[in-house]
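When reading the values below, keep in mind they use all heavy atoms of this one structure, side chains included, and skip hydrogens, waters and symmetry mates. Please read these numbers as outputs of a predicted model, since none were measured by experiment.
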Amino acid sequence: TIEILNHLNSTDKFGFCLFDKQEFIGFLFLKAYSNNAIQNYFLTQKDWFKNYFKSTKPIAVITQIALTKKYRQQKLSTLLLHSSIEFIKSKCDTIISICWIKKETNNMKFLLLNNGFKNIKTLPNYWLNDSIEKDYCCEVCGTPPCQCGAEVFELKSPSII
């Protein structure tokens, strides 16, 4: 897809893939932002994020992680996360990720918490204006516009846990 090509042709986007022999297992995408540009990643409360992040190094954002159904619940997402942290830790001193607030189990949230990430901010109605502007129906809450909130997780001074 276009997103994969963007990562391959970029100096600030990174992609990590897992394979079992020739079979694709999953991927993780990261993007690095300067302290001056990190607030542009967020859909709301941009000023709060601009003031919160004071790093002189780029800040890495986990933009997406996914595993094929066959390989879920095998701790492979942890392996993928650790590999990406090992790669990016020399370039960034902070890694963040945004998670949907869900009523059902949120595997991404548990992955982050189990690997040293801390919840630094809760953002109510995070995708509301975005869903109105782009006219999409949320897969989580099922309503247009999206009423979901988000949680922001942070890992400072990343290292392998």
Side-chain angles (χ1 to χ4, degrees), residues 1-4 6-18 26-67 72 75-131 133-134 136 138-141 146-161:
T1 69
I2 292 173
E3 188 67 22
I4 293 170
N6 284 341
H7 277 77
L8 292 174
N9 297 321
S10 174
T11 59
D12 63 352
K13 294 180 181 180
F14 307 95
F16 304 86
C17 295
L18 278 178
F27 68 91
L28 183 146
F29 287 155
L30 284 173
K31 182 169 190 276
Y33 288 87
S34 69
N35 188 43
N36 292 334
I38 187 64
Q39 74 272 10
N40 297 328
Y41 175 72
F42 297 97
L43 298 175
T44 63
Q45 300 187 28
K46 293 176 184 286
D47 287 339
W48 187 90
F49 289 105
K50 182 179 181 179
N51 292 325
Y52 179 81
F53 293 108
K54 299 295 184 191
S55 174
T56 56
K57 284 187 165 185
I59 298 160
V61 178
I62 299 171
T63 58
Q64 196 169 9
I65 185 171
L67 296 176
R72 292 180 188 162
K75 300 202 182 272
L76 294 172
S77 56
T78 299
L79 177 64
L80 195 54
L81 180 64
H82 284 199
S83 296
S84 64
I85 290 171
E86 184 62 29
F87 172 82
I88 204 73
K89 71 181 184 181
S90 66
K91 297 168 181 42
C92 300
D93 60 6
T94 302
I95 302 173
I96 62 171
S97 184
I98 296 177
C99 290
W100 243 276
I101 296 175
K102 301 178 180 181
K103 291 179 184 172
E104 67 273 2
T105 302
N106 188 331
N107 293 330
M108 183 65 176
K109 177 178 178 176
F110 289 120
L111 173 67
L112 296 171
L113 289 172
N114 288 335
N115 286 283
F117 284 76
K118 306 286 185 227
N119 183 333
I120 60 165
K121 187 89 171 145
T122 299
L123 304 165
N125 296 315
Y126 183 68
W127 289 274
L128 178 71
N129 290 332
D130 189 58
S131 67
E133 289 171 18
K134 296 177 182 167
Y136 61 81
C138 176
E139 292 183 24
V140 175
C141 70
C146 178
Q147 304 294 314
C148 293
E151 294 176 302
V152 180
F153 292 88
E154 173 186 55
L155 179 65
K156 287 185 179 241
S157 304
S159 62
I160 296 300
I161 296 125

- Task: Take L111 and I65 through the side chain to side chain contact (heavy atoms under 4.5 Å, CB included) test and state the conclusion after the steps.
- Result: CA-CA 11 Å; L111 173 67; I65 185 171; 3.9 Å; yes
- Message: Let's go through Y33 and Q39 carefully: what are the C-alpha distance in whole Å and the side-chain angles of both, what is the deciding distance for side chain to side chain contact (heavy atoms under 4.5 Å, CB included) to 0.1 Å, and is it a yes or a no?
- Response: CA-CA 9 Å; Y33 288 87; Q39 74 272 10; over 6 Å; no
- Task: Please test W48 against V152 for side chain to side chain contact (heavy atoms under 4.5 Å, CB included), starting from the C-alpha separation and ending with a verdict.
- Result: CA-CA 12 Å; W48 187 90; V152 180; over 6 Å; no
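Shortest non-hydrogen contact noted between W127 and G149 is CZ3-O, 3.4 Å. Residues I98 and A150 come closest through the heavy atom pair CG2-CB, 3.6 Å. Pairing each heavy atom of I59 with each of C92, the nearest pair is C-SG, 4.1 Å. What you find for K121 and N119 is that their closest heavy atoms are N-OD1, 3.1 Å.
Every residue meeting the side chain to side chain contact (heavy atoms under 4.5 Å, CB included) condition with L76, not counting sequence neighbours, appears here in chain and number order: L18, I25, L67, Y71, Q74, L79. The side chain to side chain contact (heavy atoms under 4.5 Å, CB included) check on N129 picks up I132, E133, with sequence neighbours excluded. With sequence neighbours excluded, the residues forming a side chain to side chain contact (heavy atoms under 4.5 Å, CB included) with K156 are Y52, T94, E154, listed by chain and number. With sequence neighbours excluded, the residues satisfying side chain to side chain contact (heavy atoms under 4.5 Å, CB included) with S84 are F16, L28, L30, L81. Every ring pair (Phe, Tyr, Trp, His ring centres under 6.0 Å) that F49 has, sequence neighbours left out, goes to F42.
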Can you give the donor-acceptor pairs under 3.5 Å from side chains of residues 100-107 to other protein atoms, not counting sequence neighbours?
{"from": "N106", "atom 1": "OD1", "to": "M108", "atom 2": "N", "distance (Å)": "3.2"}
{"from": "N106", "atom 1": "OD1", "to": "K109", "atom 2": "N", "distance (Å)": "3.1"}
{"from": "N106", "atom 1": "ND2", "to": "W100", "atom 2": "O", "distance (Å)": "2.6"}

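Interatomic distance, L112 CG to E151 CD, rounded to the nearest 0.5 Å: 10.0 Å. From K57, atom NZ reaches atom CD1 of I88 across 10.0 Å, with rounding to the nearest 0.5 Å. Atom OH of Y41 and atom CD1 of I96 lie 7.0 Å apart (nearest 0.5 Å). How far NZ of K46 is from CG of N40: 5.5 Å, rounded to the nearest 0.5 Å. For the atom pair CG of L123 and CG of L128, the computed distance is 12.5 Å after rounding to the nearest 0.5 Å.
Contact check for C146 versus D130: no side-chain heavy atoms found under the 4.5 Å cut-off. At a threshold of 4.5 Å between non-hydrogen side-chain atoms, the residues N115 and L155 do not count as touching.
At distances below 3.5 Å, at least one donor-acceptor pair connects side-chain atoms of Y126 with backbone N or O atoms of L43.
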